[in-house]
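This report refers to the structure that appears directly beneath it.
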Amino acid sequence: MYRRKDFETSMKQLMLGNKALARGLYEAGCSVVSSYPGTPSTEVTEEAAKFDEIYCEWAPNEKVAMEVAFGASLAGKRSFCGMKHVGLNVAADPLFTCSYTGVNGGMVICVADDAGMHSSQNEQDSRHHAIASKIPMLEPSDSAEACEFAKRAFELSEEFDTPVIIKMCTRVAHSQSVVETGERVCPQTVPYEKNIAKYVMMPGNAIRRHPVVEERTRKLRDYAENCPFNRVEMGDTKIGIITSSTSYQYAKEVFGEKASILKLGMVNPLPEKLILDFAQKVEKLVIIEELDPIIENHCRTLGLEVSGKDVFPLEGEYSQNLIAEKLGVEVVPSVKLDEALPGRPPVMCAGCPHRGLFYTLSKNQCTVLGDIGCYTLGAVAPLSAMEMTLCMGASVSSIHGFNKALGSESEGKTVAVIGDSTFMHSGMTGLANIAYNQSNSTVIILDNSITGMTGHQQNPTTGYNIKGDPAGKIDLEALCRAMGFARVTVVDPYDLAACDRVLKEELAAQEPSVIISRRPCALLKYVKHNKPLKVDENNCVGCKSCMKLGCPAISIKNKKAVIDETLCVGCGVCQQMCKFDALQSQEVQ
Amino acid sequence: MTKNIMIVGVGGQGSLLASKLLGHLLLTEGYDVKVSEVHGMSQRGGSVVTYVRFGEKVYSPVIDKGEADFIVSFEKLEAARYLEYLKPDGRIVTNTQEIDPMPVITGAAPYPDQLIEKMRQKGANVDAMDCLTLANEAGSAKAVNIVLMGKLSNYFDIPLEKWQKAIAECVPEKFLELNQKAFMLGREQ
């Protein structure tokens, strides 16, 4: 009979880009991985954690993760940290200086960009970080390359004494393509040796390290000329395309052999001779790169006449049709319906513990400064109870500034909301500022006992590690009290009356306070659900009070509430909205 | 020639197994294959799409407008939403189930009517069937994805035995019988 196991262990597999990268880490003998989850980078670390040979962890944030990886490299082991593009901003501090110290064991950093902003607050181009920190960057265009580049990145790291960045993007990270797997080969641990001049970056030493970095960049530039990841695919010479990553795939899709392509796998530093040679062989030079014109500007610096952002957008993802249209290639016509169809935006799930809390904030007309997580959906109608979202942790820091600016005008009606994982990531430091500089601010920690948005990763407040084994558990109440908050209240967001009472009390208090809204994410496997609610049609008057919650399990059909039994988890929040006892637990009927 | 299959639906409906099955089957048939999906925000009850592409050599991981040979849809409105991705002679295989999106739930918009007819009027070949009922008949509402795969299999020159083998390799053993039944129910439609 057929066995699943054979399929899962075969050499040639369809593999997610992120999983392939993790496979590369494994085969390269990487032994320490520390990351913070962030779409589209999360699966690299989740997949790496499935190998017993690799120590893996979720760090509280990307800066910590990178410093952990640096420590392991210093100790002589191959190490890795992964993050999304905005996470690299958080880790920029160690990034820029570990460029100076270099490494001991190989150190690889993965950054996953999100052009098109499928799940991000901006679409910055991470290549700027590589250029600014003078760290080499490899950019795979499919899963096979993700695996291969990861392995080569460790060798480059050790050969050139530098961390190496691998840049993924949504379409490479979250696409599956064919990968041929190999064996794990562990290099010898490089012995740790005390080297104050190399590793203590105080001015006297750092001054001597900077020229080393510049010399390294010169050597890397020479390497880029012959790097096997930068390859020329000659076809028709009327048009020559320089490209990388997923844009290479789109260009091949459109042109095949009808264009010549210089495909760059190493995007920092960029080669010079290779580009100049290629340019000489083609009539027209076109640069296809998502987001910023980095290859394009490099070509212009080399004195080349190129086409790039004059035709291609600076925003969003590219595709084969976009490239075809911009370069005058005919595109297949398509049809669509004449009417506008109702959209299907993401929504808070049925039974989401955030809903009751956000309803309470909406009802009390609070000014809500928000943060990054599932709960950012609190900004969406009908709750519309979030007015600011900037970056991880900004809610807690910003409310302090907001209240310092407006004083009593805002203190009694403004709250910051932040999830448990985001609070551990970078909300704590903002809270320390409130405790220290004393603003009369109310901070609500939405503790759903998991990192929800990225697909259920553990964090320092959950009591479990990345493998699901018991781990240290930070006590949020004790932490807040230790910082000096006398008012720390825990509330169940399924209990609307309690939420309303606690919110009013804490807003009225003349001192800083923390409310912990605590209930686990309804999608967690261990959470027990009640039976779906039933509508008593005799009682329902069609007042639509229940609709104010924006629950996807409730709709109005023929002027009566209807419960979608496949979605409803019986949380009972809507029952508290109904004045006519029309929404009933199944047990009651 | 690269062939394109789009799988569309509502976040949480379980398109993952369908794309895993197709990817695995097509790979063992000797094709180059790419499967692409977006994780994260779009999973929270939003509109979701997975691209499956296969052929001698596949470059782009995504399917663009006017390129899909097949659109397999878990939900009727989603089939209509992605109609413009269909090739002029392409085929839609859709579940007739309706899941109200938030604008419909809040009453801001009605659920559009006559969607199947309207898609046909635009020249699309549409196979519409109540996959939820068929899946329940097979033993679980969660087998909608395999019912759809069963219907889709009729348009491929791949023997039934190979589809069944691929299902066996992708589905946990305790759900195997149920899924094989769901596949046949879809295939016989």
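Residue numbers start from 1 in every chain, and the chains themselves are labelled A, B, ... in the order their sequence lines are given, proteins ahead of strands. Values reported hereafter were calculated over all heavy atoms of this structure, with side chains retained and with hydrogens, waters and symmetry mates removed.
Among Asp64(B), Asp32(B), Leu83(B), the residue making the largest number of heavy-atom pairs under 4.5 Å with chain A is Asp64(B). The candidate from Val332(A), Val331(A), Asn321(A) with the greatest count of non-hydrogen atom pairs under 4.5 Å with chain B is Asn321(A). Per-residue heavy-atom pair counts under 4.5 Å with chain B were compared for Ser120(A), Ser177(A), Ser247(A), Ala350(A), and the maximum is reached by Ser177(A).
Looking at Ser319(A), the atoms closer than 4.5 Å to chain B (heavy atoms on both sides) sit in the backbone and in the side chain alike. Contact annotation for Gln121(B): neither backbone nor side-chain heavy atoms come within less than 4.5 Å of a heavy atom of chain A. For chain B, the nearby part of Lys557(A) is the side chain; its heavy atoms alone come within less than 4.5 Å. With a 4.5 angstrom heavy-atom cutoff, Pro342(A) touches chain B via backbone and side-chain atoms both. For Tyr51(B), the part sitting under 4.5 Å from any heavy atom of chain A is the side chain, from C-beta outward, and nothing else. The part of Cys551(A) that comes within reach of chain B is its backbone (N, CA, C, O), which places non-hydrogen atoms under 4.5 angstrom from that chain. Contact annotation for Leu567(A): neither backbone nor side-chain heavy atoms come within less than 4.5 Å of a heavy atom of chain B. Proximity to chain B (any heavy atom under 4.5 Å) is shown, for Asp338(A), by both the backbone and the side chain. Heavy-atom distances place both the backbone and the side chain of Gln320(A) under 4.5 Å from chain B.
Heavy-atom neighbours of chain A within the stretch residues 95-107 of chain B, taken at a separation under 4.5 angstrom, comprise Ile99(B), Asp100(B), Pro101(B), Met102(B), Pro103(B), Val104(B), Ile105(B), Thr106(B).
The side-chain heavy atoms of Ile7(B) and Val52(B), taken from C-beta on, include a pair separated by under 4.5 Å.
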Please lay out, stage by stage, how Ser175(A) and Lys34(B) fare under the test side chain to side chain contact (heavy atoms under 4.5 Å, CB included).
-> CA-CA 7 Å; Ser175(A) 292; Lys34(B) 283 192 177 170; 5.9 Å; no

Determine, step by step, whether Glu78(B) and Ser47(B) satisfy the side chain to side chain donor-acceptor pair (under 3.5 Å) criterion, reporting the C-alpha distance in whole Å, the side-chain angles of both residues, the deciding distance to 0.1 Å, and the verdict.
-> CA-CA 7 Å; Glu78(B) 295 311 305; Ser47(B) 174; 2.6 Å; yes

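Legend: residues meeting side chain to side chain donor-acceptor pair (under 3.5 Å) with Asp69(B), ordered by chain and number and at least two apart, are Lys87(B).
Ring geometry for Tyr375(A) versus His354(A): interplanar angle over 60°, hence perpendicular rather than tilted (30 to 60°).
Under 4.0 Å is where a charged nitrogen must lie from a carboxylate oxygen, and between Glu29(B) and Lys162(B) at least one such pair does. A salt bridge does not link Arg171(A) to Glu290(A): none of the charged side-chain nitrogens sits closer than 4.0 Å to a carboxylate oxygen. Taking 4.0 Å as the cut-off between side-chain N and carboxylate O, Arg344(A) and Glu75(B) count as a salt-bridged pair. Using a cutoff of 4.0 Å between basic side-chain nitrogens and carboxylate oxygens, Lys118(B) and Asp113(B) are scored as salt-bridged. Between Glu233(A) and Lys252(A) a salt bridge is recorded (basic side-chain N to carboxylate O distance below 4.0 Å).
Across every non-hydrogen atom of Met547(A) and Pro382(A), the tightest pair is O-CG, 3.8 Å. Here the closest heavy-atom approach between residue Tyr82(B) and residue Met6(B) is recorded as CD2-CE, 3.7 Å.
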